[in-house]
Amino acid sequence: MPELPEVEVVKRSLAKKIQNLIIKKVKINDDKLRFRVNKKKILKLEGLRLKGIERRSKFLIFFFDESYLMLVHLGMTGKFFFVNKSKKIHKTSFYYNIDKKKDRKHDHIIFFLEKKQKLIYNDVRKFGFIKIIKLDDFKSNIHLKYLGPEPLKKNYNFKYFKKYIKGKKRPVKNLLMDQKFVSGLGNIYVNEVLYLSGVKPMRKVKNLKNTEIKKIILFTKKILRDAIKFGGSSIKDFSTIYGKKGTFQQHFRVYGKKGEKCSNTDCNKSIIKINISNRGTFYCSRCQK
DNA sequence: AGGCATGTTACAGG
DNA sequence: ACCTGTAACATGCC
């Protein structure tokens, strides 16, 4: 499910639950994730204590003793589940029922922790990945070094935006999705940001007015903060009682709302869906200029 | 049956 | 060399 808010929510719950625990054993059920899991490296985590977890963009970074880091990207469907001795799933992530074979089929990596507790990495589509790196290689890591600023930080601002778009002519939606420009936004939140900013997704960045740029920046920060507050967005309606659902999907104004009435009370248009770069793009033709 | 899906990236083409 | 868009990855759901 993961764009920045979802990854942040996962990070917080993970940190609360498994901080300072020792990894007793690592089991690999399937190493064919987005990149093959390096068995030799991941086994080095056995016996190490988890010192902390951080988020950068949509990445989770687990810090261990001995200067080892575990870099995790959840892709489209990657999830962590925490399981304790009585098999109760702690509310670490979203939908999953450990008693359902269908769900367990996608448990690819299992970390056995102290006190018979487990952390499971489950990923239906296997677009996520797990890499073990040394602290020294952290800054130069290929996945991290080209990332743009965190959208919630101060360096994502008007000045940066203006400078970056100089000479560029791509659609504003593609720009916002580009992790090199700003890191952490995905398709859902970009659709929402552009609706609130009153800007059509296909507008070329060179034609954006300064007032529009300012709105885009402000609403980006607002939406992400709100989404985190609501526990992220959970799109699909699974039936398990385990796992915590975010509720920010209830606040979507355009994403997935094709044909529905624009939420602006003085507008009688319906939300349109088009494709931009193979991604579902939702907008209101009246409220977005 | 076919289209669609919250992400990234290798590659092709301008 | 740079910029941009597309296809591919794996699986399940509607």
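As the structure is a prediction and not an experimental result, all values here were calculated from the model. Sequence lines set the chain letters: A, B, ... in the order given, protein chains first and strands last, and positions in each chain run from 1.
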ask   = Side-chain N or O of A/Lys166 less than 4.0 angstrom from OP1 or OP2 on C/dC3?
value = no
Between A/Ser233 and A/Tyr255, a side-chain donor and acceptor under 3.5 Å = no
Please produce a list of atom pairs where a protein N or O lies less than 3.5 Å from an N or O of nucleotides 4-6 of chain C.
unit_1, atom_1, unit_2, atom_2, d
C/dT4, OP1, A/Lys169, N, 3.2
C/dG5, OP2, A/Asn174, ND2, 3.1

Side-chain H-bond candidate by donor/acceptor type, A/Lys169 with A/Asn207, under 3.5 Å = no
ask   = When the ring centroid of A/His143 is compared with that of A/Phe129, is the distance short of 6.0 Å?
value = yes
key: Phosphate-side-chain proximity, A/Tyr255 and B/dT6, N/O vs OP1/OP2 below 4.0 Å   = yes
query = Between B/dT6 and C/dT4, how far is it from one P atom to the other, in whole Å?
reply = 22 Å
ask   = Do the side chain of A/Glu46 and the main chain of A/Ile23 share a donor and acceptor less than 3.5 angstrom apart?
value = no
ask   = For A/Gln179 and B/dT8, is the shortest distance between a side-chain N/O and OP1 or OP2 below 4.0 Å?
value = yes
Distance below 4.0 Å between A/Lys126 side-chain N/O and C/dT11 OP1 or OP2 = yes
task = Remember a base hit wins even if backbone is also touched, and classify A/Lys102 as base, sugar-phosphate or nothing at under 4.0 Å, heavy atoms.
result = sugar-phosphate
request  = Mark yes or no for whether A/Arg12, through its side chain, and A/Leu14, through its backbone, hold a donor-acceptor pair below 3.5 Å.
outcome  = no
ask   = Does any N or O donor sit under 3.5 Å from an N or O acceptor when you compare the side chain of A/Arg279 with the base of B/dA5?
value = no
message = Using OP1 and OP2 only, check whether a side-chain N or O of A/His73 sits under 4.0 Å from B/dT8.
response = yes
query = Would you say C/dG12 has OP1 or OP2 under 4.0 Å from some side-chain N or O of A/Lys105?
reply = yes
ask   = With a non-hydrogen cut-off below 4.0 angstrom, is A/Phe129 in contact with a base, only sugar-phosphate, or nothing?
value = nothing
inquiry  = When you compare the side chain of A/Ile132 with that of A/Leu69, does any pair of heavy atoms fall below 4.5 Å?
reply    = no
query = Within the stacking criterion (centroid distance below 5.5 Å, interplanar angle below 30°), does A/Phe127 stack on B/dT8?
reply = no
